[in-house]
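Report on the structure given below.
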Amino acid sequence: MKELLLALPAGRDTRGRDFGLTPCHMAYRVGPGPRLLGARLSPGARGGLMQLDCAGFDGTGDPVPCCRQILGECRRRGYRGIVCDFEGPPCGCLGRLVEILDRNCAAQGWGLYAPEAYLPQAPGGRAMVPSALTRGTLEQRLREALERYGPQRVALAVEWVREDFPLPASGRGAPLAPDALEGLLHRLEPAVFFDRGLCAHYFTYMAGPQAHFVLFDTPRSIREKLSLADRLGVPAALLPQPEIEGHLEEIFGPGGT
């Protein structure tokens, strides 16, 4: 895979660079105005990409001044791309903001990553395809994206899933904290299976009359997701630093991806 990106919370350090991962600094947000908001990074924090969310932004205002702030911060920090980690469909001026950023990133030779809903506004960007599924297969999902956008315009957005679904399952399950999952595994000692279509582990259990289905990731399942994406020709992946930091050797060391 050509580019492995690591979503790095503000103030965190990582050994990911030793394994060829490029940090995406999760220190930035589009706030009211809109304007660029951000946590204070150390003056020496340079390189990698900017990761930008829009939590709480209502979409009102002129995006041009905000884009100037974003692009100026990228130049100042030596970033070589932007990850627009936006949830839901384009809201208000966010579509226009992504369009401006995409045009300027292309002119600078930078990368732009955005959810699929924003790709019509970002003809030079890469679509972030989430790895978390509850139906179908990850291979099918990636093949569809590759066919729709082309082989250079897709990135796998890896999620480390721990979710509990009441059966019959629909949508996303209830998130499980790591200790809650470990508690279930220790208490129930269930038969755990690996679903090759979802590239994730699962088990079932009963809570009174209600059947439950638990889907979860491990270093093995993350390796499987990355290997599948690489085999299909997906050029990039974004991984969550808090979950994978303690498993870098297992995922990327000898015998890993």
Side-chain angles (χ1 to χ4, degrees), residues 1 4-9 12 14-16 19 21 26 85 87-88 115-116 128-146 154-232 234 236-257:
M1 190 169 290
L4 291 168
L5 308 176
L6 186 64
L8 184 65
R12 292 280 188 97
T14 180
R15 296 182 300 119
F19 294 86
L21 279 71
M26 300 170 62
D85 187 21
E87 293 188 4
E116 287 184 82
M128 295 193 296
V129 178
S131 68
L133 301 171
T134 55
R135 64 185 64 186
T137 69
L138 184 57
E139 179 171 355
Q140 177 187 14
R141 183 71 186 82
L142 289 172
R143 286 189 183 279
E144 289 172 353
L146 289 164
V154 176
L156 177 64
V158 175
E159 299 179 58
W160 192 299
V161 170
R162 303 179 198 90
E163 293 184 356
D164 188 327
F165 301 80
L167 291 175
S170 62
R172 298 295 295 264
L176 289 171
D179 57 349
L181 174 60
E182 290 300 319
L184 278 176
L185 290 167
H186 178 74
R187 178 169 58 86
L188 300 172
E189 297 184 347
V192 175
F193 303 94
F194 186 76
D195 188 304
R196 293 195 175 277
L198 300 177
C199 292
H201 305 272
Y202 72 94
F203 64 88
T204 59
Y205 73 97
M206 298 295 296
Q210 178 65 61
H212 285 253
F213 170 82
V214 176
L215 191 70
F216 66 100
D217 279 307
T218 66
R220 176 198 168 185
S221 66
I222 300 299
R223 284 200 314 270
E224 293 282 346
K225 295 178 203 293
L226 292 173
S227 295
L228 171 64
D230 192 43
R231 190 166 67 249
L232 294 176
V234 175
L238 175 68
L239 296 109
Q241 186 268 351
E243 288 87 351
I244 75 162
E245 186 67 29
H247 305 285
L248 291 168
E249 288 85 358
E250 296 170 84
I251 299 171
F252 300 106
T257 299

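Excluded from the calculations below are hydrogen atoms, water molecules and symmetry mates; all remaining heavy atoms, backbone and side chain alike, are included.
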Verify whether the ring centers belonging to Tyr202 and Phe213 lie closer than 6.0 Å.
yes
I'd like to check [X] versus [Y] (side-chain heavy atoms, cut-off strictly below 4.5 Å). Are they in contact?
{"X": "Met128", "Y": "Glu116", "result": "no"}
{"X": "Leu138", "Y": "Leu198", "result": "no"}
{"X": "Phe216", "Y": "Phe203", "result": "yes"}

Can you tell me how far apart CD1 (Ile251) and CG (Leu239) are? Round to the nearest 0.5 Å.
7.0 Å
Go through the structure and list residues passing ring-ring contact (aromatic ring centres under 6.0 Å, His included) with Phe19, not counting sequence neighbours.
none
With sequence neighbours left out, write down each residue that passes side chain to side chain donor-acceptor pair (under 3.5 Å) with Thr218, or none if nothing qualifies.
His201
I'd like to check the side-chain contact (heavy atoms from CB on, under 4.5 Å) partners of Leu176; sequence neighbours left out, ordered by chain and number.
Arg162, Asp164, Ala180, Leu181, Leu184, Val214
If you look only at pairs with a residue in residues 188-216, which of them pass as a salt bridge (Lys or Arg N to Asp or Glu O under 4.0 Å), with sequence neighbours excluded?
none
Write out all pairs satisfying salt bridge (Lys or Arg N to Asp or Glu O under 4.0 Å) with one or both partners inside residues 237-246, taking only residues at least two apart or from two chains.
none
I need the single residue from Arg223, Lys225, Arg220 that forms a side-chain contact (heavy atoms from CB on, under 4.5 Å) with Cys199. Which is it?
Lys225
Inter- and intrachain pairs under side-chain hydrogen bond (donor to acceptor under 3.5 Å, both in side chains), touching residues 172-187, at least two apart
Glu159-Arg172, Glu163-Arg172
